Amino acid sequence: MTTLTSDFLRTLQERGFIHQCTDLAGLDERAAKGPIIAYIGFDCTADSLHVGSLLPIMMLRWLQKTGHKPIVLMGGGTTKIGDPSGKDEARQLLTDEAINANMAGIKRIFGRYLSFGDGPTDAVMVNNGDWLDGLKYIPLLRDVGRHFTINRMLTFESVKLRLDREQPLTFLEFNYMILQAYDFVELFRRQKCVLQMGGSDQWGNIINGVELGRRTDGAELFGLTTPLLTTSSGAKMGKTAAGAIWLTADKLSAYDFWQYWRNTEDADVGRFLRLYTELPMNEVARLESLQGAEINEAKKILAFEVTKLAHGEEAATEAAETARRTFEQGAAAEGLPTIDVARAELEAGLPVVDLLVSAGLAASKGEARRLIKGAGAKMNDAAIADEAAKATTADLNADGVIKLSAGKKRHALVRVV
């Protein structure tokens, strides 16, 4: 392992963030001398980000905490094309109105992780639509396009993946890597930005920007990527049977977010504590060494720390307390995901299968039936034996709600309105 001298890279290395770097020694020397400016781009394909974006967000946070300046680049321009990296098919093209609405939603997230302002290490947020929307096609081809060869572009994974699978790759998407490279050059010219960071699927795009900056401006630029992250069982981070694990409470409650991290596989606890929390490394080492049932305490700390960053300490404390009351005391606590039903409907009887789907405890009726058949579904802590079972007002408990459960750790409430 390379011995690093800058606080920034040393922190990233010991916590497991570094996968590839265009020139690790050169970047380390630069970062050790004084503040550097670095960016990560986020396209506006939805009105929030999910856990898959948390790794790059944490990189920006550590960048700032170790004395450097982060740029959050919003892809107001590039979202109009769509990044083909890691995709089997073209993204659906969004309208300008949808992109702007998504951008407004995403912006809310970063205020919890970064400090924005006008100081030398304060974060700034910029929109690549500011320069990409005004580009003229012929000058772009002459000034930028001539530095890219088709031969080289065909070797990038984002292109090879689609061609190998005989999936269409439009000329529109083929241009994406050129525009991302141009973003890096523009940020160097406008902000003196010298480092682009991102996930390992962005490596080819990042290298293009480093090389374009060298050819057009004689700039010494750097690229740094994180590993492609999956759970120990091979699942992709941020996706579950119930849907994406979003970073905003209007898309996913703080309690469900807390539960996602509480359900971390034992083998992932140490790695996730290093990547997604700011706990000191000696504390991480202590927690990941716990064995047997004690590892659950480490998972609760992981869940609390990650939720505190995403939703604030109050929300994290409330989620932890709700879980404690529900699982340790068996009470149907407030704060669990709740669905409302009309009293008349409940009096007539509502299929439990439908309620499990509505509550997000099953992705489909078929999955709900399998859950019941496998004895994994409960109503008021009692196993549901019949796939055709219905919930009625007679099932309301002392708190006036019906508690539904999928397995031991996922719960929701049915409330009458």
Side-chain angles (χ1 to χ4, degrees), residues 4 6-22 27-28 30-31 34-44 48-76 78 83 103 105-128 180 183-184 186-188 190-203 205-206 209 221-229 237-238 246-248 272 274-279 305-306 308-312:
L4 300 171
S6 66
D7 288 344
F8 170 55
L9 289 178
R10 193 169 61 247
T11 299
L12 290 194
Q13 186 181 64
E14 69 180 5
R15 300 188 83 95
F17 282 90
I18 298 177
H19 178 57
Q20 293 168 298
C21 184
T22 53
L27 179 58
D28 185 47
R30 188 80 167 264
I36 62 169
I37 302 173
Y39 89 97
I40 298 178
F42 299 86
D43 275 346
C44 311
S48 181
L49 298 173
H50 60 66
V51 163
S53 297
L54 199 49
L55 208 59
I57 292 173
M58 290 300 292
M59 285 181 86
L60 289 175
R61 184 173 171 86
W62 281 116
L63 178 84
Q64 186 171 50
K65 284 175 70 75
T66 53
H68 306 281
K69 185 179 184 72
I71 297 176
V72 179
L73 177 65
M74 304 299 290
T78 42
D83 184 1
M103 194 183 309
I106 291 171
K107 283 181 177 179
R108 298 172 296 164
I109 295 169
F110 291 95
R112 290 203 177 272
Y113 293 91
L114 301 172
S115 175
F116 288 84
D118 300 321
T121 62
D122 284 340
V124 295
M125 183 175 285
V126 296
N127 175 4
N128 64 14
Q180 184 170 329
D183 280 345
F184 199 174
E186 273 292 328
L187 287 173
F188 169 74
R190 292 169 177 241
Q191 306 269 0
K192 298 303 178 188
C193 178
V194 297
L195 171 62
Q196 181 183 175
M197 303 185 293
S200 59
D201 62 332
Q202 294 297 312
W203 180 244
N205 290 339
I206 290 172
L221 304 180
F222 301 91
L224 181 67
T225 62
T226 59
L228 178 64
L229 206 61
M237 284 293 296
W246 298 100
L247 300 180
T248 46
F272 289 178
R274 281 188 287 274
L275 293 171
Y276 296 115
T277 81
E278 295 173 335
L279 291 176
E305 293 294 329
V306 181
K308 182 174 71 172
L309 284 173
H311 295 284

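Note that the structure is a prediction, hence the values are computed from the model and not measured. Computed over heavy atoms, backbone and side chain alike; hydrogens, waters and symmetry mates excluded.
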I would like to know whether V72 and F116 meet side-chain contact (heavy atoms from CB on, under 4.5 Å); could you show each step before the answer?
-> CA-CA 10 Å; V72 179; F116 288 84; 4.2 Å; yes

Inter-residue atom distance T226.OG1 - L12.CG, 0.5 Å rounding | 10.0 Å

Taking atom CG of L9 and atom CG of L27, what is their separation to the nearest 0.5 Å?
-> 4.5 Å

With no hydrogens and no angle check, is any side-chain donor or acceptor of H19 less than 3.5 Å from a backbone partner on T225?
-> no

Side chains of L247 and V51 in contact at under 4.5 Å (non-hydrogen atoms) = yes

Which atoms form the tightest heavy-atom contact between A38 and M197, and what is the distance?
-> CB-CE, 4.2 Å

Mind listing the side-chain donor-acceptor pairs of residues 54-64 below 3.5 Å, one per line with the distance, residues two or more places apart or on another chain?
from: R61; atom 1: NE; to: E278; atom 2: OE2; distance (Å): 2.3
from: R61; atom 1: NH1; to: Y113; atom 2: O; distance (Å): 2.9
from: R61; atom 1: NH2; to: E278; atom 2: OE1; distance (Å): 3.2
from: R61; atom 1: NH2; to: E278; atom 2: OE2; distance (Å): 3.3
from: Q64; atom 1: OE1; to: S115; atom 2: N; distance (Å): 2.9
from: Q64; atom 1: NE2; to: S115; atom 2: O; distance (Å): 2.8
from: Q64; atom 1: NE2; to: T121; atom 2: O; distance (Å): 2.9

Approximate separation, where rounding is to 0.5 Å, of F42 CZ and I109 CD1 = 9.0 Å

Test side-chain contact (heavy atoms from CB on, under 4.5 Å) on L224 and I18 and set out the steps.
-> CA-CA 7 Å; L224 181 67; I18 298 177; 3.9 Å; yes

Give a yes or no answer on whether the side chain of T22 reaches the backbone of G223 with a donor-acceptor pair at less than 3.5 Å.
-> yes

Any chance you could lay out the side-chain contact (heavy atoms from CB on, under 4.5 Å) test for V126 and Q191, step after step, and finish with the verdict?
-> CA-CA 10 Å; V126 296; Q191 306 269 0; 3.9 Å; yes

Could you walk me through whether T277 and V306 pass the side-chain contact (heavy atoms from CB on, under 4.5 Å) test, one step at a time?
-> CA-CA 6 Å; T277 81; V306 181; 4.0 Å; yes

Looking only at heavy atoms, what is the nearest atom pair of N127 and M103, with distance?
-> ND2-CE, 3.6 Å

CG (L4) and CD (Q13) are apart, to the nearest 0.5 Å, by 4.5 Å

Look at the side chain of K69 and the backbone N and O of V124, then say whether any donor-acceptor pair between them is shorter than 3.5 Å.
-> no

How many angstroms lie between atom CG of L49 and atom SG of C44, to the nearest 0.5 angstrom?
-> 8.5 Å

Would you name the heavy atoms of F184 and L221 that are closest together and state the gap between them?
-> CZ-CB, 3.7 Å

Any sub-3.5 Å donor-acceptor pair from N128's side-chain atoms to G76's backbone N or O?
-> yes

Scanning both residues in full, the closest heavy-atom pair of R30 with F222 reads NH1-CE1, 3.7 Å

Heavy-atom pair with the smallest gap, counting every atom of S6 and D28 = OG-OD1, 2.7 Å

In short, S200 meets P227 closest at the heavy-atom pair OG-C, 4.0 Å

For the atom pair CH2 (W246) and OG (S53), what is the distance rounded to the nearest 0.5 Å?
-> 9.0 Å

Does the pair Q196 and Q202 meet the rule for a side-chain hydrogen bond (donor to acceptor under 3.5 Å, both in side chains), with working shown?
-> CA-CA 10 Å; Q196 181 183 175; Q202 294 297 312; over 6 Å; no

Under the side-chain hydrogen bond (donor to acceptor under 3.5 Å, both in side chains) test, residues paired with D7 that sit two or more places apart = R10

Hey, does the side chain of R15 reach the backbone of L275 with a donor-acceptor pair shorter than 3.5 angstrom?
-> no

